[in-house]
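Just so you know, these numbers use all the heavy atoms, side chains as well, and skip hydrogens, waters and symmetry mates. Throughout, numbering of the chain's residues begins at 1 and tracks the sequence. Ligands are counted one by one from 1 in listed order, and the atoms in each one are counted from 1 as well.
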Amino acid sequence: MPDLFIDGTWRSALDERTREIRCPADGSLVGVVDEAGGKDTVEAIAAARRAFDEGPWPTTPAADRGDLLLRVADLLVRDKEALARAESLDTGKRLVESEYDIDDIANCFRYFGRAATAETGRVVETGTASVDSRVVYEPVGVCALITPWNYPLLQTAWKVAPALAAGNTFVLKPSELTPHTAIHLMRLLEEAGLPPGVANLVLGAGPEAGAPLGDHPDVDLVSFTGGLQTGRRLMAAAAGTVKKVALELGGKNPNIVFADTDFETAVDMALTAVFLHSGQVCSSGARLLVEDSLHDRFVDEVVRRASEIRLGGPFDERAQSGPLVSAAHRAKVEAYVAKGLAEGAVLRCGGARPSGPEFEAGFYYPPTVLDECSSDMSVVQDESFGPVLTVERFSGEAEAVRLANDTIYGLAGAVFTTDEAKAQRVAARLRLGTVWINDYHPYVPQAEWGGFKQSGFGRELGPAGLAEYREAKHIWRNTNPSPQGWFA
Ligand code: NAD
């Protein structure tokens, strides 16, 4: 069955190109999917435009749109095992992590299903009896939704659910590396009864299948999650037609540990912060900042436990961490570590591919700790997006804040201390979209997600996440019109 979904029809690419998808854990063939080119994407944009301009989706009552999203949530739960398996085969991530993701995805659809009707407009008091004034929220139009490979369906859900809740139509372009769960989602939207043309899917490489989404005049909004360079390119492309743009980009996230912290918990969470999904997490706590007096003991324990993390494929129940997504990505991480060592970082564990026949065909790289780093090093400034932890020392609150904020990014980070007032003071001064206190990584769909500085702008999730996909329109009605006499 063909894999591009355009105007309610499944079809192949116009030039019949396809792409092999291989599992990063062992190189086995997962599937062959259709690979769109620019012309396919332009057709998808035209379909989304028609479905927006001619309806009925944008004017469907918000309650009915919400109900559809709630049905999709139920279908996601029904298909959880198949979806989690597909996600693990494409990404190489452990099955248990993919299962968590599918639960989160269903919750995201539920949240926006309910939010669709929570606030659809408001009456404005003008203080004038002869005027009715109200603000209504309307969909933005045709949305280009572009997503990465690390949390393929989760990142997709964060865009598709609010876009549909608000009444938009869209063209989705997932990462070319991880297309399978996006295909499955389109089938679920179809099954739930979404009208043709509202949801369109193009698979393929960014420069070919993705590029028209950035500059096509019929696209009203671009919501992008991915790397900083691609984000910059899309923002520039969107400027030509002044599209609404939302960018969720990279991070170089500080995890600040004060000497008065609960030691066991902070060590455990420092590992989760950076090594979950092999560090391929935008909010990964890849910069460990440890207070001087705790540094040696803390880092020794982190290194001991990092060295024991068991690598393995997605269905190996003993594995605690999986492979990187591709050979190219592993090469990037290797080059990053080599550069850090050349700059003077001290390798405490990892740093070389694991040996053994079970690792040969996959793109494995072990948990790696680089100690004695400083913020002038590229390993502290640049995102590796791999299982690499850099360690810096600090002395006191002011230096912790200064170092933590000393990158171009501002996505997320954490502070560990038993001093509640200190935690709050530090949290208030961190220029990050999310700050965890004595925790790392949790999020809820009710609270916004997004970056400060070059981690992007615009918000996903929460009320502001829905607001991204809505235009506010003020309607003023004069109930007792009469000549004004300005030009009498
Ligand atoms: P990427 O920028 O290479 O690709 C992301 C998407 O953009 C893919 O679908 C790709 O095909 C597409 N693309 C590439 N060039 C394009 C172009 N010219 N026009 C249109 N589309 C184009 O990123 P990636 O390697 O897939 O993902 C990793 C990055 O994503 C990391 O930097 C990570 O921090 C970031 N990320 C951020 C968040 C967040 O919430 N802030 C979440 C997940 C990932």
For Gly227, take its heavy atoms, then give the atoms of ligand 1 lying under 4.0 Å from any of them.
1 (P), 2 (O), 23 (O), 29 (C), 30 (O), 32 (O)

Answer side chain, backbone, both or neither: which part of Asn150 comes under 4.0 Å from ligand 1, heavy atoms only.
side chain

Within the structure, does Leu249 bring an N/O atom to less than 3.5 angstrom of an N/O atom in ligand 1?
yes

Where ligand 1 meets Leu411 - atom numbers and elements under 4.0 angstrom, heavy-atom basis:
41 (N)

Protein residue, atom and distance nearest to atom 17 (C) of ligand 1, heavy-atom basis
Gly206 O, 3.6 Å

Distance alone, cut at 3.5 Å: any donor-acceptor contact between the side chains of Tyr336 and Ser378?
no

Give the numbers and elements of all ligand 1 atoms closer than 4.0 Å to a heavy atom of Pro148.
26 (O), 27 (O), 43 (C), 44 (C)

Strictly by modelled atom types, are Thr225 and Thr147 linked by a side-chain donor-acceptor pair under 3.5 Å?
no

Residue, atom and distance of the protein heavy atom nearest atom 24 (P) of ligand 1 read Trp149 NE1, 3.3 Å

Are Glu99 and Lys80 close enough for a salt bridge, meaning some N to O gap below 4.0 Å?
no

Does at least one non-hydrogen atom of Ser455 fall below 4.0 angstrom from an atom of ligand 1?
no

The closest protein heavy-atom partner of atom 2 (O) of ligand 1 is Thr230 OG1, 2.6 Å

Which residue supplies the protein heavy atom nearest to atom 34 (O) of ligand 1, what is that atom called, and how far is it?
Glu383 OE2, 2.6 Å

What atoms of ligand 1 come closer than 4.0 angstrom to any heavy atom of Thr225?
5 (C), 36 (N), 37 (C), 38 (C), 39 (C), 42 (C), 43 (C), 44 (C)

Starting from atom 20 (C) of ligand 1, locate the nearest protein heavy atom and write down its residue, its atom name and how far away it is, to 0.1 Å.
Gly210 C, 3.3 Å

Would you call Asp53 and Arg49 a salt bridge, using N to O less than 4.0 angstrom?
yes

Side chain or backbone, does Cys282 bring an N or O within less than 3.5 Å of an N or O on ligand 1?
no

State, without any angle test, whether His184 and Asp79 hold a side-chain donor-acceptor pair at a distance under 3.5 Å.
yes

Please identify which atoms of ligand 1 are closer than 4.0 Å to at least one heavy atom of Glu176.
10 (C), 11 (O)

Nitrogen or oxygen atoms of Gln155 and ligand 1 under 3.5 Å apart
no

Just checking Trp149 against Phe385, ring centres under 6.0 Å apart?
yes

Under 3.5 Å, is there a donor on one side chain and an acceptor on the other for Gln320 and Arg94?
no

Step by step, work out the ring-ring contact (aromatic ring centres under 6.0 Å, His included) result for Phe416 and Trp436.
CA-CA 9 Å; Phe416 283 84; Trp436 292 288; 9.8 Å; no

Identify the closest protein heavy atom to atom 12 (C) of ligand 1: which residue and atom is it, and at what distance?
Ile146 CG2, 3.7 Å

If the test is side chain to side chain contact (heavy atoms under 4.5 Å, CB included), which one of Leu271, Thr265, Val267 qualifies with Met269?
Thr265

Which of the numbered atoms in ligand 1 are below 4.0 angstrom from a heavy atom of Gly250?
32 (O), 34 (O)

Sub-6.0 Å ring centroid separation between Tyr443 and Trp158
yes

Side chains of Thr91 and Thr178 only: does a donor on one sit below 3.5 Å from an acceptor on the other?
no

For ligand 1, which atoms have a heavy atom of Ala211 less than 4.0 angstrom away?
19 (N), 20 (C)

Using heavy-atom distances only, which candidate in Phe224, Tyr443, Phe385, Tyr409 approaches atom 28 (C) of ligand 1 most closely?
Phe385

Answer with yes or no whether Pro174 contacts ligand 1, where contact means a heavy atom under 4.0 Å from a ligand atom.
yes

Enumerated ligand 1 atoms positioned under 4.0 Å from heavy atoms of Trp449
39 (C), 40 (O)

Residues Lys453 and Ser455: side-chain donor-acceptor under 3.5 angstrom
no

Exactly one of Leu461, Val160, Asn107 should register a side chain to side chain contact (heavy atoms under 4.5 Å, CB included) with Phe112. Which one does?
Leu461

Does the protein place any heavy atom closer than 4.0 Å to atom 36 (N) of ligand 1?
yes

